[in-house]
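Written below as structure tokens is the structure these notes are about.
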Amino acid sequence: MSLEDLQAGRCIAHVDLDAFYVQVELKQHPSLIGKPTAVVQYNPNGDLSTLRPDEERIFNRSNGSLIAVGYEARAKGVKRGMRGDEARKACPDLNLVQVPVAHGKADLTLYRACGKQVLGILARLSIAERASIDECYLDISEEAKKRMAACAGHPPLPVNLEQVHVCGEEGEGAAEAWWHRPVGVWAPGQRLLACGAAVVAELRAAVSRELGFSCSAGIAHNKILAKLASGMHKPSQQTVVTLDCVPGLMGALPIPKLRQLGGKFGEEVMAALGISTVGELAAVPLRRLEAVCGQDDAMWLHRLSRGIDDEEVKERQLPKSISCGKTFRGHTALKDFPAVHKWLGELASELEERISADREENERSPGLLTVGMWGEGGPGTSGGSVSRSCPLRRPESALMAADALKLIKRWAAERPGWAITSLYMTASNFSSAPTGASTITRFLKPRLGSPLPATSAPGQQQQPTILRSPTPSSSGQLVQSASRHSKEPPGPSMAPSAAEQQPEELSMQQGQQALTADSASGVLVAAAALQQAPESALQADVQPSSTASVAAEGVVSDGVKCSNYGESSGRNLGHGDGAQVDAAAVAGKQDQAGCSLDAPLLLQCTEEEIDPEVLAALPADIQRELRLAQMMARRPPPTAAEAPRGRPLPRAKQSAQSAKRARHGRPGRGTAPITDFYRRTPG
DNA sequence: TCACGATACAAA
DNA sequence: GTTTGTATC
Ligand SMILES: Nc1ccn([C@H]2C[C@H](O)[C@@H](COP(=O)(O)OP(=O)(O)OP(=O)(O)O)O2)c(=O)n1
Ligand SMILES: [Mg+2]
């Protein structure tokens, strides 16, 4: 692939709905169409009464925070994040629609559903990556190339041309004139983007016609520029950013305007280099960038400052996790267990509803439950955040809430005067939850509940769970990697990870009391899991030693006893900041492995769960696969590797890694000669 | 190179 | 304020 291909070979679109929640609410409340409107979220605190999506929710005197602002209100200076009172000062006739409320918290179901409808249309011609509830990226290179091949050098005019802009060609009729340029002056990349713009104009028209939503879009050769472009003309417009307009566009652009540079990393880079614009960044020699941040980040910045970005559009329309949370600020902070349990119950029941609906729609189910919180200790104790994960076998609210309460109790136990300021629960690690009758899962004892009746879900191919692991899923929604969680059978999943990574306040969990409790509960739950007992791991409690002793007699999997499960449970043995691997912990891990810890997903179906007669009756290759899988499950864990730590440098959280994976070229190759990059065109 | 859990950061 | 994705160690 040539350099031209890398920099100008793709056509990427970023599509962003205009004032999305407001548009959704205008559909619900047509009387507000054309009027200044915003969507507010107020914290109902103790009030559990609901506000349904289909009822009237106009509360013009609300003092809640604005989370979406319509364009009429923006024109009056109303901004996101304002409170109702402040917003009315700027716009006295502002209409406010309250977000639906269920389980005593904001309920975003309506917006998720609308976002999904939009994505369904936008993904008709290409792969699509859901970037947020109202944004996506499309890689329309192939569709654009088709049209380019058919256009005889003259890219087709987009529909709704008055909504179309070309960066650097400002003014009335400028876009049309650009399209009508003579054949000879078009660069190939420009034709590609022009054809892509015609595609995007049609997609936007379809969204408008079929759903009544307006959106804006950017069309460029990569994600970063497409995202930048989509924000250039709003609402209900689209903008093409060609390669040649990059210097003029980005030279004076503030660094924080670029995706991934809007936070601490961007701040640190600007401070370290004493710069503030992308043009200044492009003038910094690569060596100096490397001295200021890591080599990968330096290269990523170097290329980005020239408008180069190879990150691919991922094919993924579904969220990878489902989470819900709630904050309890100031005097509403939770200070007793009944209150905590009540809210965990509310969160868990919302989670259950959403997991259930997601399973019906998408034929998948989550394998990992994470519960977390932010809190403040009493006087003399520390606060901070804590989270713990465990296998999620049966997503039932009572179980999940009970699981979650264990974390809170442990955390609170040594913090007299504790107060919780936020709680959240997340379900993740999805895998397919087949509904058909023709899969191998018929032969297994039920784990996730009884199979659903066979129904088809358009666009989401399914594979029998047990056969899935070597095959990539069609659009990245299902886990492809080895295991959905490592605690299989589930252990005391609230146990600490490597103690040296934990804040001081968690260190008690290394102590004898926690160890004993963990050990007992690990056995307890291991036994329960093999019998499909309802517990999930977080339920392992510190109290019922009698129950534990019942199980202690010998939970065996593959002939390996799991009774010391708790001794290593939750420790991070793989690597880390010089974590010491002690022999006992390794032994414990191997025991867990014997219980199929670290097993690829397909191995979660251990022989214990398959009727031996049925196993014998299975096709030979399936039998082989199962046995191979179990063998791999017994691999010992890797030993810890010391990783020397350098001095702290600014670190990008994401993008440099993406760039690395995309295998871009080396410094100097493919980048324009340099310090005067932004002088090619006056900025 | 991977896997994993807990955490941090960035964004809508 | 309520989410979601992706990074590090
Ligand atoms: N901090 C934020 C930002 C956004 N949103 C929600 C409400 C928005 O309507 C939706 C989309 O976010 P955008 O940033 O795309 O903003 P809008 O779509 O509202 O406006 P724009 O027309 O600028 O895209 O996500 C939110 O809940 N909290
Ligand atoms: Mg938007």
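By convention in this document, chain letters (A, B, ...) are assigned in the order of the sequence lines, proteins followed by strands, and residues within each chain are numbered from 1. The basis for the numbers below is simple: all heavy atoms, side chains too, and nothing from hydrogens, waters or symmetry mates.
Judged by distance alone, the side chains of A:His103 and A:Ser349 do bring a donor and an acceptor atom under 3.5 Å apart. In summary, the side chains of A:Asp16 and A:Ser230 do not present any donor paired with an acceptor at a separation below 3.5 Å, with no hydrogens or angles considered. The closest side-chain donor-acceptor pair between A:Ser389 and A:Thr370 falls under 3.5 angstrom.
Between A:Ile67 and A:Ser321, it is A:Ile67 whose nearest contact on DNA chain C lies nearer the 5' terminus. DNA chain C is contacted by both A:Gly325 and A:Glu129; A:Gly325 maps to the nucleotide lying nearer its 5′ end (nearest heavy atom per residue).
We find that CE of A:Met373 is positioned 13 Å from P of B:dA8, with the value rounded to whole Å. One can place CE of A:Met425 at 17 Å from C1' of C:dT4, the figure rounded to the nearest angstrom. Look at NZ on A:Lys264: it is 12 Å from C1' on B:dT7, rounded to the nearest Å. In this structure, A:Glu267 places its CD atom 11 Å from P of B:dA11, rounding to the nearest Å. Computed from coordinates, the A:Asp296 CG to C:dT6 C1' distance equals 15 Å when rounded to whole Å. A:Gln260 has its CD atom 12 Å from the P atom of C:dT8, to the nearest Å. Rounded to whole Å, atom P of C:dT4 lies 16 Å from atom CD of A:Gln317. Protein atom NZ of A:Lys105 is 13 Å distant from nucleotide atom P of C:dG1, rounded to whole Å.
Heavy atoms of A:Arg83 sit nowhere under 4.0 angstrom from any nucleic acid atom. Note on A:Asp134: only backbone sugar-phosphate atoms sit closer than 4.0 angstrom, heavy atoms only; bases stay farther off. If you check every strand for non-hydrogen atoms under 4.0 Å, A:Leu261 touches sugar and phosphate atoms only. Within 4.0 Å of A:Glu135, counting heavy atoms only, lie sugar-phosphate atoms of the nucleic acid but no base atom.
By the 6.0 Å contact criterion, NZ on A:Lys234 is enclosed, its count of non-hydrogen atoms from other residues, nucleotides or ligands being greater than 12.
Within the structure, every side-chain polar atom (N or O) of A:Arg259 is placed at least 4.0 Å from both OP1 and OP2 of B:dA10. Proximity of A:Arg354 to the phosphate of C:dT4: a side-chain N or O atom is located under 4.0 Å from OP1 or OP2. Between A:Lys326 and C:dT3 there is no side-chain N or O to OP1 or OP2 distance below 4.0 Å. Residue A:Lys227 places at least one side-chain N or O closer than 4.0 Å to OP1 or OP2 of B:dA12. Put simply, A:Ser323 has a side-chain N or O that comes within less than 4.0 Å of OP1 or OP2 on C:dT4. Between A:Thr327 and C:dT2, a side-chain N or O to OP1/OP2 separation shorter than 4.0 Å is present. Contact check, A:Lys320 against C:dT6: a side-chain N or O comes under 4.0 Å of OP1 or OP2. Taking only side-chain nitrogens and oxygens, A:Ser385 never comes nearer than 4.0 Å to OP1 or OP2 of B:dA6.
In plain terms, the two heavy atoms of A:Gly84 and A:Leu66 that are nearest each other are N-CD1, 4.0 Å.
In this structure, A:Tyr21 and A:Tyr111 have parallel ring planes: the angle between them is below the 30° cut-off, well short of the 60° mark.
The side chain of A:Arg316 lies closest to C:dG5 when the candidates are B:dT7, B:dG5, C:dG5.
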